[in-house]
Amino acid sequence: MIRWIPVIAVMLFGASCSTVVHRPKAVSKAKASGKQPAPVASAPRKMQKWNPVWWLGNVDTPVPPPDYKPDDPRRVRKYQWRNPGHNFTFYVIGIADKEFLRAGRYPKDVFKPGGGMNWAVSLCGPLPPLPFVSYQGRHCSTYLGWRERGNFGVKLNLRWRGVEPK
């Protein structure tokens with residue numbers, strides 16, 4: 001019963017919400033062509049998800065692009081430390097490698113266009129509903145929950161007077 005509460009809430013606010021289905025890249029390309037989906041080279045195997053060392057890596061982009069600090073001899077190490085929890089947030093506690101349905105006010109976006117409050121719920125198989133809420137105002141940008149690509153994220157940016165975001 002508790003699992004359906006967000007779905008009922010979405011139905012009640014139906015006039016102000018929309019839905020989007022997320023499919024992993026290999027699955028969506030294969031369905032479009034009518035072929036069987038090929039295994040994604042970067043998709044994690046189930047046993048990798050139990051390895052805490054693997055959690056600190058980035059299976060999607062393990063090497064930096066050519067334009068990332070091209071003259072720095074330690075560019076690969078610095079690139080790896082840019083986002084050390086990528087695999088953990090996308091594949092261990094996230095649902096980026098699974099097909100899921102996302103419903104909310106602006107389900108394709110992290111922030112509401114033009115600022116203000118945004119919310120969404122991701123539904124993925126037998127898992128309970130995964131919530132997401134964000135707010136973007138004049139002095140802060142914040143979000144908490146499972147984002148549009150299925151990864152879990154937390155952000156709090158405060159802007160002080162006279163300092164504009166980059």
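Just so you know, these numbers use all the heavy atoms, side chains as well, and skip hydrogens, waters and symmetry mates. As the structure is a computational prediction, the values presented were derived from the model and not from experiment.
- No side-chain heavy atom of Asn58 sits less than 4.5 Å from a side-chain heavy atom of Gln80.
- Atom CG of residue Asn51 and atom CG of residue Leu56 lie 9.0 Å apart, to the nearest 0.5 angstrom.
- Contact check for Leu127 versus Ile95: side-chain heavy atoms found under the 4.5 Å cut-off.
- Atom CZ of Phe111 is separated from atom CE of Met117 by 11.5 Å, given to the nearest 0.5 angstrom.
- You'll find the side chain of Lys112 reaches within 4.5 Å of the side chain of Arg105, heavy atoms only.
- Between Ser141 and Arg159, some side-chain heavy-atom pair lies under the 4.5 Å cut-off.
- Atom CG of Asp97 is separated from atom CZ of Arg149 by 13.5 Å, given to the nearest 0.5 angstrom.
- Contact check on Arg75 versus Asp67 returns no salt bridge, with no Lys/Arg side-chain nitrogen under 4.0 Å from an Asp/Glu carboxylate oxygen.
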### Message
What verdict does the side-chain hydrogen bond (donor to acceptor under 3.5 Å, both in side chains) test give for Ser134 and Arg147, after you've listed the backbone C-alpha separation in whole Å, the side-chain angles of each residue and the deciding distance to 0.1 Å?
### Response
CA-CA 10 Å; Ser134 71; Arg147 296 174 55 190; over 6 Å; no

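- Taking the six-membered ring for Trp and the full ring otherwise, the centers of Trp146 and Phe132 sit at least 6.0 Å from each other.
- Note on Val59 and Ile93: same hydrophobic cluster, where clusters join Ile, Leu, Val, Met, Phe, Trp and Tyr whose side-chain heavy atoms are under 4.5 Å apart, directly or indirectly.
- For the residue pair Pro113 and Asp109, the shortest heavy atom distance occurs at CG-OD2, 3.8 Å.
- The distance from atom NZ of Lys69 to atom CZ of Arg74, rounded to the nearest 0.5 Å, is 10.0 Å.
- Contact of the Phe88 side chain with the His86 side chain is not registered, since no non-hydrogen atoms from C-beta on lie closer than 4.5 Å.
- Note on ring orientation: taking the six-membered ring where Trp is involved, the planes of Trp54 and Tyr91 are tilted (angle from 30° to 60°).
- Residues Asn157 and Cys140 have side chains not in contact (no heavy-atom distance under 4.5 Å, counting atoms from C-beta outward).
- Residues Lys49 and Trp55 come closest through the heavy atom pair O-NE1, 2.7 Å.
- The number of heavy-atom neighbours closer than 6.0 Å to NZ of Lys108, taken from other residues, nucleotides and ligands shown, is 12 or below.
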### Task
Could you go through the side-chain contact (heavy atoms from CB on, under 4.5 Å) check for Asp72 and Lys78 one step at a time?
CA-CA 9 Å; Asp72 193 343; Lys78 288 180 180 179; 2.5 Å; yes

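- Interatomic distance, OH of Tyr143 versus CG of Leu156, reported as 11.0 Å (0.5 Å rounding).
- Using modelled atom types, one side-chain atom of Asn118 and one backbone atom of Val110 make a donor-acceptor pair closer than 3.5 Å.
- A donor-acceptor contact shorter than 3.5 Å is absent between the side chain of Arg102 and the backbone of Leu123.
- Side chain of Thr142 to main chain of Tyr135: no donor-acceptor pair is present (N/O by atom type, distance under 3.5 Å, no hydrogens or angles).
- The nearest pair of heavy atoms linking Pro64 to Tyr79 is CB-CG, 3.4 Å.
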